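Below: one structure, written as structure tokens.
For clarity, every value in this text was computed on a predicted model and none was experimentally measured. Atom set for the values below is all heavy atoms of this structure, side chains included, hydrogens, waters and symmetry mates excluded.
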Amino acid sequence: MSLQCGTGMQGFKAFLSRGNAVDLAVGVIIGASFKSIVDALVEDVINPLLGVMGGQPDFGALNVTIENNIFKIGHLCNTIISFLIMAMVLYFGIITPYNWLLKKLRRKAPATQDCPFCASSIPVQATVCSFCTRDVGTLAPIIPAPVTY
């Protein structure tokens with residue numbers, strides 16, 4: 001049983017050239033970089049502020065020992081704070097503006113249209129003009145023929 005490298009690599013090349021894989025890779029790299037920024041913010045700024053209020057300056061050193069087993073509660077607290085900050089930044093920095101933009105860009109379908117015969121405003125669902133009583137559902141608008149002299 002032989003494998004043909006050419007067809008497999010061409011499929012892989014087509015997958016990569018679609019753009020989705022490249023966009024995903026860029027997003028993952030940026031997300032990992034952003035995570036390190038958030039972790040530094042939590043460990044270097046937020047934890048000391050919380051330590052001033054709570055008396056414990058370093059949550060990372062907060063441990064509970066039960067029968068020679070160490071439970072790193074401080075590390076869990078740091079991770080939860082990092083997650084909450086990431087979720088807030090994601091929601092308020094990306095999701096909320098994106099939804100606002102989509103709402104602004106969505107255009108409502110017009111409720112009325114102009115009758116091609118009498119130019120009166122009629123509902124889009126109308127098949128007969130209520131002003132001139134002509135059938136507007138099956139006819140295209142009349143374009144006047146050019147006048148020749």
Side-chain angles (χ1 to χ4, degrees), residues 1-131 135-143:
M1 180 175 174
S2 66
L3 295 174
Q4 296 179 357
C5 279
T7 52
M9 292 307 278
Q10 287 198 344
F12 183 66
K13 182 180 173 185
F15 168 72
L16 288 178
S17 66
R18 278 192 291 187
N20 296 350
V22 174
D23 293 342
L24 180 63
V26 169
V28 167
I29 291 169
I30 290 173
S33 299
F34 185 71
K35 183 191 178 307
S36 64
I37 292 170
V38 170
D39 287 343
L41 176 71
V42 168
E43 292 175 16
D44 299 334
V45 177
I46 293 177
N47 280 348
L49 287 175
L50 292 175
V52 168
M53 290 182 236
Q56 179 73 26
D58 184 18
F59 286 125
L62 193 66
N63 295 327
V64 174
T65 304
I66 300 174
E67 295 184 18
N68 295 329
N69 293 317
I70 299 173
F71 297 94
K72 297 180 180 181
I73 304 297
H75 181 71
L76 177 64
C77 290
N78 288 345
T79 305
I80 290 172
I81 292 169
S82 294
F83 170 76
L84 291 175
I85 290 174
M86 289 285 282
M88 284 181 9
V89 167
L90 180 67
Y91 181 75
F92 290 112
I94 296 173
I95 305 273
T96 302
Y98 179 74
N99 288 339
W100 177 81
L101 183 64
L102 281 181
K103 188 176 178 182
K104 288 285 185 185
L105 293 178
R106 279 193 197 121
R107 298 188 182 193
K108 294 181 180 178
T112 61
Q113 65 180 349
D114 290 336
C115 173
F117 302 105
C118 68
S120 299
S121 182
I122 59 173
V124 173
Q125 296 87 3
T127 56
V128 175
C129 178
S130 58
F131 296 98
D135 186 14
V136 293
T138 57
L139 296 176
I142 297 176
I143 301 172

Output a table of donor-acceptor pairs, distance under 3.5 Å, between side-chain atoms of residues 59-72 and any protein atom two or more places apart or on a different chain; print 'none' if there are none.
none

List the residues meeting side-chain contact (heavy atoms from CB on, under 4.5 Å) with S120, not counting sequence neighbours, and say none if there are none.
C118, F131

Set of residues satisfying side-chain contact (heavy atoms from CB on, under 4.5 Å) with respect to S121, sequence neighbours excluded
T112, D114

One should read off an interatomic distance between L101 CG and T96 OG1, to the nearest 0.5 angstrom, of 12.5 Å

For a quick test of reading the model, state the closest non-hydrogen atom pair linking C129 to I122 and the distance between them.
SG-CG2, 3.9 Å

Let me check something: any side-chain donor-acceptor pairs from residues 84-91 under 3.5 Å, sequence neighbours excluded? List them with distances.
none

Let me check something: any side-chain donor-acceptor pairs from residues 25-37 under 3.5 Å, sequence neighbours excluded? List them with distances.
residue, atom, partner, partner atom, Å
S33, OG, I29, O, 3.1
K35, NZ, D39, OD2, 2.6
S36, OG, S33, O, 2.6

If I compare all heavy atoms of V136 with all of C115, which pair ends up nearest, and what's the gap?
CG1-SG, 3.9 Å

